[in-house]
2 protein chains.
Amino acid sequence: MKRKLGELRLEEVGRSLHSNAIHLLRDVRIEDSAMGIGPAQASALSVVVFGGPHSLNELAEVEQVRPPTMSRVVEALVGEGLVRREANSNDRRSVIISSTEKGTKIIHEGRSRREKRLIKLLSQLDADEIRCLGKASEILSRVLVAEHS
Amino acid sequence: MKRKLGELRLEEVGRSLHSNAIHLLRDVRIEDSAMGIGPAQASALSVVVFGGPHSLNELAEVEQVRPPTMSRVVEALVGEGLVRREANSNDRRSVIISSTEKGTKIIHEGRSRREKRLIKLLSQLDADEIRCLGKASEILSRVLVAEHS
DNA sequence: TTTGCATACTTAGCATAGCTAATCATTAGC
DNA sequence: GCTAATGATTAGCTATGCTAAGTATGCAAA
């Protein structure tokens, strides 16, 4: 009986987390227009800013798009001076995409605007509630990061 | 001193929640290709399935797109038999978009695939951790829902 | 070595999804 | 009843997704 209740709770928590993730990002996304670049460019640029230089194929895989799509996104970012596309000396077929200072600045500012908006929302909570969210977020990080590696 | 620590923690929690929301949705999104419709159509259809009938302008506002964009998305959904577009008898300029059975089925199945994937990830956690996530998710719901109303 | 296949990326061409400007129909205000 | 405001659509542009095909490089086996 206890097992069954546990399983029901697990499903309920999954549904709730999924729904909250959608609503949370829908809310903070409002700030993104200030970046002046589209969502695909912003997302790809974020990956190189926070995750360091990547090859085009790596970037496509992380972003869950096909290489031709990422090729064009990178082309646009290069044209805007937000990333560099450099040859890989170990394998000249491959290109290494890294962020410029301008690209890094845009992403950090954009991320900051999103986080400020979220933090403002959270600031209506009391200390116990914040602690609870912090603990939950740590648990979630562990599960989600494990999935990517 | 305690106040300062509290503020730092708040920011840290905000950053962490934001990052987790991104990674969570990036992960579950993998299941969406099975729906057979694009992300804009899926998202708009979800709104009418879970939120009931909406006018086109309401739908555009919820989805954070302009009316012409939503008009075309709805046109595609109508063509696929996933929503109905009916006249509003109170205001004949307005159209009411509601889901068909087919549309409702597609969204419920898609949502279920996403949730199953998330629940599988969560199932590696122990009961205390699930309880912690559940509590946090409730807190988050309260803050996020308040934002929309 | 060279022949041939695999790999990394790009190019070309198509579909979807975002926008603004302009249009049409209806409603609301005077 | 005029006029302005509102809800939706149409037209035409850009951005972003795809597959198929092309180019350049790397690797392996004859």
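Reckoned from all heavy atoms, side chains included, excluding hydrogens, waters and symmetry mates. Chain A is the first sequence line, chain B the second, and so forth, proteins listed ahead of strands; every chain is numbered from 1.
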Exercise. Roughly, in whole Å, what's the span from CG in Asn57(B) to C1' in dG7(D)?
Worked result: 5 Å

For this session: With a 4.0 Å heavy-atom cut-off, tell me which residues in residues 31-38 of chain A come close to DNA chain C, sorted by residue number.
Result: none

For this session: Write down the distance between CZ (Arg66(B)) and P (dA15(D)), rounded to a whole number of angstrom.
Result: 17 Å

Problem set entry | Under-4.0 Å side-chain N/O to phosphate OP1/OP2 contact, Arg72(B) with dT9(D) | no

Exercise. Is Phe50(B) linked to Val65(B) within one hydrophobic cluster, defined over Ile, Leu, Val, Met, Phe, Trp and Tyr using a side-chain heavy-atom separation of less than 4.5 Å?
Worked result: yes

Problem set entry | Position toward the 5' end of DNA chain D (nearest nucleotide), Arg93(B) or Pro67(B) | Arg93(B)

For this session: Quickly work out the Glu63(A) CD to dC18(D) P distance and round it to whole Å.
Result: 11 Å

Exercise. Is a side-chain donor or acceptor of Thr104(A) paired with a backbone partner of Thr100(A) at a separation under 3.5 angstrom?
Worked result: yes

For this session: With salt bridge (Lys or Arg N to Asp or Glu O under 4.0 Å) as the test, would you mind laying out the steps for Lys105(B) and Glu101(B) before giving the verdict?
Result: CA-CA 6 Å; Lys105(B) 185 162 177 281; Glu101(B) 273 199 30; over 6 Å; no

Exercise. Do the charged groups of Glu75(B) and Arg72(B) touch, with an N to O distance under 4.0 Å?
Worked result: no

For this session: Quickly work out the Gln41(B) CD to dC18(D) C1' distance and round it to whole Å.
Result: 15 Å

Exercise. Hey, is the side chain of Asn88(B) poking within less than 4.0 Å of OP1 or OP2 on dG7(D), counting only N and O atoms?
Worked result: no

Exercise. So does Thr69(A) get a side-chain nitrogen or oxygen closer than 4.0 Å to the phosphate oxygens (OP1/OP2) of dT16(D)?
Worked result: no

For this session: Write down the distance between CD (Glu61(B)) and C1' (dG7(D)), rounded to a whole number of angstrom.
Result: 13 Å

Exercise. Would you say Ile107(A) and Leu25(A) are hydrophobically clustered, going by side-chain heavy atoms of ILVMFWY under 4.5 Å?
Worked result: no

Problem set entry | salt_bridge(Arg114(B), Glu31(B)) N-O dist < 4.0 Å | no

Exercise. Roughly, in whole Å, what's the span from CD in Glu86(B) to C1' in dA8(D)?
Worked result: 16 Å

Problem set entry | Pair Glu138(A) + Arg142(A): basic N to acidic O under 4.0 Å | no

For this session: Answer yes or no: is there an ion pair linking Arg131(B) with Asp128(B), defined by an N-O contact shorter than 4.0 Å?
Result: yes

Exercise. Phosphate oxygens OP1/OP2 of dT9(D): is one of them under 4.0 Å from a side-chain N or O of Arg85(B)?
Worked result: yes

For this session: Between Glu58(B) and Gln64(A), just flag the one whose closest nucleotide in DNA chain D comes earlier from the 5' side.
Result: Glu58(B)

Exercise. Does Ser94(B) make a side-chain N or O approach to OP1 or OP2 of dG7(D) shorter than 4.0 Å?
Worked result: no

For this session: Answer yes when Glu80(B) and Lys102(B) have at least one side-chain N-carboxylate O distance shorter than 4.0 Å, and no when they do not.
Result: no

Seminar exercise, completed: Outermost contacting nts on DNA chain C, any atom under 4.0 Å from chain B heavy atoms, listed 5' then 3', are dA17(C) to dT27(C)

